[in-house]
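Counting from 1, the numbers follow the sequence of the chain as shown.
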Amino acid sequence: MHDDLLRAVMAAASAFSEAGRDLYLDFHPDVRRWSPITDLVGTVRLGVSYTLPDGRELVCEVRLRPDGPDWTVDGTVDLDGEELLLLPEGPADLLGDYTEQVLEPARRHLDEALRGLANPG
């Protein structure tokens, strides 16, 4: 990885960790647990996952993939297999923007999922 990309990866990992902790504390005890996603082997995955009281997981992540000499990035927000947000594959210099776009709706998605548990149907 180039130095700029490595700095962007470190900044994204830090942003996910901070947001993960902050949202967990805001929604505790309704969110069972949270965990950062930091997988640096092969496809680089950075993100955060939250376990809801019913066992479902809300996952917010970005993924970097090698594409020849370059890297590409995409992003998703997923609730137990249901894709809530999909950011298309783009150049790696979008990593910071994609991190923000994945994290921005996380609070709303958590709130909606928890309200759905309180009001099933």
Side-chain angles (χ1 to χ4, degrees):
M1 270 188 213
H2 296 66
D3 287 345
D4 290 343
L5 184 55
L6 183 56
R7 277 192 285 281
V9 165
M10 292 170 57
S14 177
F16 279 114
S17 182
E18 288 175 27
R21 181 194 64 240
D22 290 347
L23 285 173
Y24 173 74
L25 292 174
D26 288 350
F27 283 95
H28 183 75
D30 295 322
V31 172
R32 254 199 251 161
R33 70 180 177 89
W34 76 279
S35 58
I37 299 169
T38 309
D39 183 359
L40 303 176
V41 178
T43 296
V44 174
R45 294 177 57 229
L46 302 167
V48 61
S49 71
Y50 301 95
T51 304
L52 303 177
D54 64 354
R56 293 181 301 158
E57 283 193 319
L58 178 71
V59 177
C60 306
E61 73 176 5
V62 293
R63 292 176 297 272
L64 283 164
R65 291 181 184 81
D67 185 19
D70 298 317
W71 291 78
T72 60
V73 64
D74 66 18
T76 61
V77 176
D78 179 276
L79 179 60
D80 223 40
E82 178 187 350
E83 207 166 69
L84 304 176
L85 173 70
L86 172 64
L87 300 174
E89 192 172 280
D93 59 354
L94 292 175
L95 178 60
D97 292 336
Y98 274 25
T99 298
E100 290 176 20
Q101 289 179 46
V102 165
L103 283 173
E104 185 272 325
R107 177 177 301 278
R108 179 176 44 87
H109 289 305
L110 274 172
D111 188 50
E112 288 172 0
L114 291 169
R115 270 191 281 133
L117 289 174
N119 304 309

Using the rule that Ile, Leu, Val, Met, Phe, Trp and Tyr join whenever any side-chain heavy atoms are under 4.5 Å apart, tell me whether Ile37 and Phe27 fall into a single cluster. no

Min side-chain heavy-atom separation Val73-Val44 under 4.5 Å: no

Does the pair Trp34 and Ser17 meet the rule for a side-chain contact (heavy atoms from CB on, under 4.5 Å), with working shown? CA-CA 10 Å; Trp34 76 279; Ser17 182; 4.2 Å; yes

To the nearest 0.5 Å, how far apart are CG in Asp111 and CZ in Arg115? 4.5 Å

Which atom of Gly20 lies closest to which atom of Val48, heavy atoms considered: CA-CG2, 3.6 Å

Check whether any side-chain heavy atom of Leu52 lies under 4.5 Å from a side-chain heavy atom of Leu79, and answer yes or no. yes

Can you pull the salt bridge (charged side-chain N to carboxylate O under 4.0 Å, His left out) pairs that have at least one residue in residues 35-55, sequence neighbours excluded? Arg45-Glu61, Asp54-Arg56

So which pairs with a foot in residues 98-108 pass salt bridge (charged side-chain N to carboxylate O under 4.0 Å, His left out), sequence neighbours left out? Asp26-Arg107, Arg108-Glu112

Locate the shortest heavy-atom distance separating Val102 from Leu85; write the atom from each residue and the value. CA-CD2, 4.2 Å

Using side-chain heavy atoms (C-beta onward) and a distance below 4.5 Å, is Thr38 in contact with Phe16? no

Quick check against the 3.5 Å criterion: does Thr99 have a side-chain atom that pairs as donor or acceptor with the backbone of Leu95? yes

Same apolar cluster (I L V M F W Y, side chains within < 4.5 Å links), Tyr98/Val59: no

How long is the straight-line distance from CG of Leu94 back to CG of Leu87, given to the nearest 0.5 Å? 9.5 Å

What's the spacing between Leu23 CG and His28 NE2 if we round to 0.5 Å? 14.0 Å

Among pairs that include at least one residue of residues 68-87, which meet salt bridge (charged side-chain N to carboxylate O under 4.0 Å, His left out), considering only residues two or more places apart or in two chains? Arg63-Asp74, Arg65-Asp74

Spatial distance of atom CG (Leu46) from atom CG (Leu40) [nearest 0.5 Å]: 6.5 Å

So which heavy atom on Thr72 is nearest to which on Asp67, and how close? CG2-OD2, 3.7 Å

Leu58 side chain reached by Val31 side chain, heavy atoms, under 4.5 Å: no

Scanning both residues in full, the closest heavy-atom pair of Arg32 with Gly55 reads NH2-N, 3.2 Å

Which atom names give the shortest non-hydrogen contact between Cys60 and Ala106, and what distance separates them? SG-CB, 3.9 Å

Closest approach of Leu114 to Asp30 (non-hydrogen atoms, all atoms of both residues): CD2-O, 3.6 Å

